[in-house]
Asks: 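There's a structure below that I have some questions on.
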Amino acid sequence: MTYATEYRRSIDDPHAFWADAAQAIDWETPPQQILDASDPAFRKWFVGGRTNLCYNAVDRHLAARGDQRALIAVSTETDTTDEWTYRQLYQAVNTFAATLQCLGVVEGDRVVIYMPNTGEAVIAMLACARIGAIHSVVFGGFAAHNLALRIDDARPSLLICADAGMRSGKVIRYKPLVDAALAEAQFPPPRVLVVHRGLDADMPVTEGRDFDYAEVSKAFVHADVAVVWRESNEPSYLLYTSGTTGKPKGVQRDTGGYAVALALSMRTVYDVGPGQVMFSTSDVGWVVGHSYIVYGPLMVGAATIVYEGLPTSPDPGIWWKLCEQYGVRTMFSSPTAVRVLKKQDPSWLTKYDLSAFKWLFLAGEPLDEPTAAWITGALGRPVIDNYWQTETGWPVLSLQAGMDLHPVKLGSPGLPNLGYQLKLINETSGELCADNEKGVLTIVPPLPPGCLSTVWGDDQRFLSSYFGHFKELLYSSLDWAIRDPDGYYFILGRTDDVINVAGHRLGTREIEESVSTCFEVAEAAVIGAADELKGQVPVVFATLKQSGGSAEDRKVVANAMLKQVMEQLGAVARPARVYVVDALPKTRSGKLLRRSLQALVESRDPGDLSTLDDPNALESVRSALLRGPDVG
Ligand code: AMP
């Protein structure tokens with residue numbers, strides 16, 4: 001079957017198409033109804049079906065491939081490699097699940113996981129899924145305030161963390177950050193489960209609240225924990241993502257639809273099946289980690305590699321070495337990582353035997369043509385850009401490595417995936433765009449399986465954030481795009497104030513709020529400025545309560561802003577440059593003109609400034625840019 005015929009069938013007859021796709025996973029009770037779209041934004045897939053993500057990722061493979069590799073955890077930071085066969089993974093997950101139960105976790109509870117990219121993080125996620133607990137993994141690069149926000153929204157009954165992670169040979173202590181987050185949170189969980197990696201001998205412990213995983217789990221080394229079957233539409237996990245406000249949104253994922261979508265994409269998009277090996281270089285704290293380190297590969301009986309470390313350490317050949325060693329078939333990484341590798345000696349790419357290696361997928365940020373051309377030439381394999389979001393859970397746009405692969409067009413993430421009916425809408429007229437006309441990329445509801453069900457605890461926010469933009473009920477991706485006459489899409493950037501730093505999505509409002517908590521700061525504007533390596537970097541412009549200070553005064557305050565962001569939000573949000581200015585460009589109604597600021601930083605035309613409130617503001621920004629940053 002070709003992509004074209006399958007795609008048509010998925011749009012014209014979604015019931016039949018998804019009924020077939022649902023056969024790829026195991027159900028305890030088969031679905032009674034494939035799709036209930038009576039309320040299209042809140043569509044329900046596979047209604048009445050009962051299944052479990054852990055069962056599909058682990059148990060169902062025991063008979064056929066219990067002794068095959070399932071999980072490979074490599075840390076070039078701690079210089080360790082751990083491997084689990086499916087049978088060993090089954091036991092590890094059951095031991096972890098029994099430990100969770102012993103600490104009082106029950107079906108429907110939220111469990112926050114704040115761990116580095118390790119095998120134990122994967123096992124903790126699977127253990128939650130096994131007992132029907134809803135995990136909320138928080139990326140380890142986020143600091144205490146970000147963690148506290150996510151805790152308060154999810155109100156977990158347990159938090160699982162490691163004592164520490166490592167980056168570039170430096171120990172990053174997690175537990176003090178957890179303690180700070182729990183002190184800040186209004187709804188801290190009553191218990192914390194700590195997985196000791198032996199990295200922090202001085203780890204603080206709160207008696208009665210903190211439990212040592214090695215200690216508690218001792219009683220459960222042979223445990224068999226019954227699978228808790230979940231109705232297809234019950235939540236499996238929450239994953240918080242940035243939007244236009246300072247408060248991150250809890251993307252809520254269902255169970256059955258997600259499983260079916262992942263199984264389909266593993267076959268059609270990523271071309272990975274039983275016994276094969278997938279290596280996603282992402283982190284379990286991001287959506288790619290959830291879908292294509294943890295659930296996707298395991299769901300189809302493949303082996304998955306979880307990697308803690310840099311792409312360049314101990315040397316820039318490390319990823320290719322792992323590809324050779326484990327016979328990786330499909331690798332999934334980010335354009336930023338490739339740009340890092342591009343700066344290294346190209347001979348690292350030819351040093352290893354990559355005969356099993358078939359595909360490299362890149363996603364998370366725009367893939368620029370020079371990077372795409374370089375890596376394609378260097379690998380001599382198709383490099384496939386794919387576009388998606390935390391919200392969608394799996395690619396919206398891609399080429400199909402597992403079907404009749406259409407030609408790659410540099411700069412384009414390709415064609416709509418099976419099940420995605422897309423429309424490009426002219427933002428002003430609300431009309432459909434013609435070929436090559438820029439518009440907002442939208443998905444016609446009902447959203448396909450795997451995409452978010454709602455925003456956790458806030459259906460209204462779900463509707464207004466995603467479905468409230470046009471007269472017609474459409475899911476807005478909040479990305480600009482064009483489509484060429486061959487049907488290929490090109491993504492042109494966000495329509496909102498979200499920026500993309502090395503594939504990490506950050507809300508400029510979150511950084512502004514953090515900067516504004518500095519006592520001296522009157523107001524802040526944060527923009528994403530173009531960066532050769534990371535795509536974009538955050539740049540701060542701030543006015544002070546007391547203006548007219550010396551260069552040294554400005555430097556001191558700018559450093560305080562930097563420190564504040566690092567402490568509250570984490571290194572991932574670190575501003576690249578901070579400028580203290582006398583005024584910020586705003587409209588007469590007080591709206592910050594971030595796009596004009598961004599244009600000035602990138603030496604572009606700042607656009608229509610007829611609504612500018614204070615013309616001196618532009619001059620102030622221009623002279624700050626000429627003068628150079630106060631920090632950065
Ligand atoms: P996240 O939810 O963190 O995965 O970020 C999703 C956003 O990243 C999208 O809305 C896009 O703005 C951007 N993005 C993801 N993949 C691509 C891609 N292949 N090309 C261009 N932008 C992308």
Side-chain angles (χ1 to χ4, degrees), residues 137-139 141-142 146 237-244 248-253 265 269-270 280-293 332-339 360-369 371-372 375 383-399 408-417 420 422 424 438-443 447 450-452 455 465-466 469 475-483 488-508 510 528 530 534-536 572-573:
V137 183
V138 178
F139 173 57
F142 285 136
N146 256 332
Y237 71 76
L238 311 179
L239 187 54
Y240 285 81
T241 190
S242 298
T244 40
K249 289 188 282 258
V251 165
Q252 180 176 319
R253 194 85 62 212
S265 65
V269 179
Y270 298 106
S280 296
T281 69
S282 184
D283 188 284
V284 291
W286 303 117
V287 68
V288 178
H290 282 62
S291 295
Y292 298 111
I293 293 176
F332 190 152
S333 193
S334 69
T336 293
V338 174
R339 286 192 291 264
L360 174 64
F361 285 83
L362 299 174
E365 55 179 313
L367 174 59
D368 56 287
E369 292 192 25
T371 304
I375 189 69
V383 173
I384 304 180
D385 183 6
N386 54 129
Y387 160 89
W388 45 302
Q389 309 180 305
T390 304
E391 288 84 345
T392 65
W394 63 294
V396 178
L397 296 168
S398 185
L399 294 178
V408 171
K409 282 197 189 189
L410 291 189
S412 166
L415 306 164
N417 245 315
Y420 283 97
L422 305 182
L424 277 181
K438 177 176 165 179
V440 180
L441 180 65
T442 69
I443 307 172
L447 296 177
C451 296
L452 80 173
V455 169
S465 304
Y466 301 109
H469 298 266
Y475 168 92
S476 174
S477 67
L478 303 166
D479 277 307
W480 299 110
I482 56 167
R483 190 188 50 237
Y488 281 64
Y489 286 77
F490 294 77
I491 302 294
L492 306 175
R494 296 282 301 192
T495 66
D496 59 4
D497 294 325
V498 162
I499 62 173
N500 195 316
V501 180
H504 303 330
R505 175 163 154 188
L506 299 173
T508 50
E510 291 166 59
K534 297 181 174 177
Q536 285 188 309
V572 66

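Starting from 1, each residue takes its place in the sequence as its number. Just so you know, ligand 1 is whichever comes first in the structure, and atom 1 is the first atom listed for that ligand. Because the structure is a prediction, the values reported are computed rather than measured.
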Asks: Looking only at non-hydrogen atoms, find the nearest pair between Val440 and Ser476 and report the distance.
Replies: CG1-OG, 3.5 Å

Asks: With no hydrogens and no angle check, is any side-chain donor or acceptor of Ser280 less than 3.5 Å from a backbone partner on Tyr292?
Replies: yes

Asks: Extract all N/O-N/O pairs under 3.5 Å that connect ligand 1 to the protein, and present each with both atom names and the distance rounded to 0.1 Å.
Replies:
| unit_1 | atom_1 | unit_2 | atom_2 | d |
| --- | --- | --- | --- | --- |
| ligand 1 | 2 (O) | Thr390 | N | 2.8 |
| ligand 1 | 2 (O) | Thr390 | OG1 | 2.6 |
| ligand 1 | 2 (O) | Arg505 | NH1 | 2.6 |
| ligand 1 | 8 (O) | Gly364 | O | 3.4 |
| ligand 1 | 8 (O) | Asn500 | ND2 | 3.2 |
| ligand 1 | 10 (O) | Gln389 | NE2 | 3.0 |
| ligand 1 | 10 (O) | Asp479 | OD2 | 2.5 |
| ligand 1 | 10 (O) | Arg494 | NH1 | 2.8 |
| ligand 1 | 12 (O) | Asp479 | OD1 | 2.7 |
| ligand 1 | 12 (O) | Asp479 | OD2 | 3.3 |
| ligand 1 | 16 (N) | Gly364 | N | 3.1 |
| ligand 1 | 19 (N) | Asp385 | OD1 | 2.8 |
| ligand 1 | 19 (N) | Asn386 | O | 2.9 |
| ligand 1 | 20 (N) | Glu365 | O | 3.4 |

Asks: Are the side chain of Thr508 and the backbone N or O of Asp497 linked by a donor-acceptor pair below 3.5 Å?
Replies: yes

Asks: Indicate yes or no for a side-chain donor-acceptor contact from Thr392 to the backbone of Pro395 under 3.5 Å, with no hydrogens or angles considered.
Replies: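 Pair absent, no side-chain N/O of Thr392 close to backbone of Pro395.
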
Asks: Between Phe361 and Trp388 (judged by ring centroids, cut-off 6.0 Å), do the two rings come close enough to count as a pair?
Replies: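 No, the ring of Phe361 stays outside the 6.0 Å limit from the ring of Trp388, centre to centre.
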
Asks: Search all heavy atoms of Leu397 against all heavy atoms of Gly414 and return the closest pair with its distance.
Replies: CD2-O, 4.0 Å

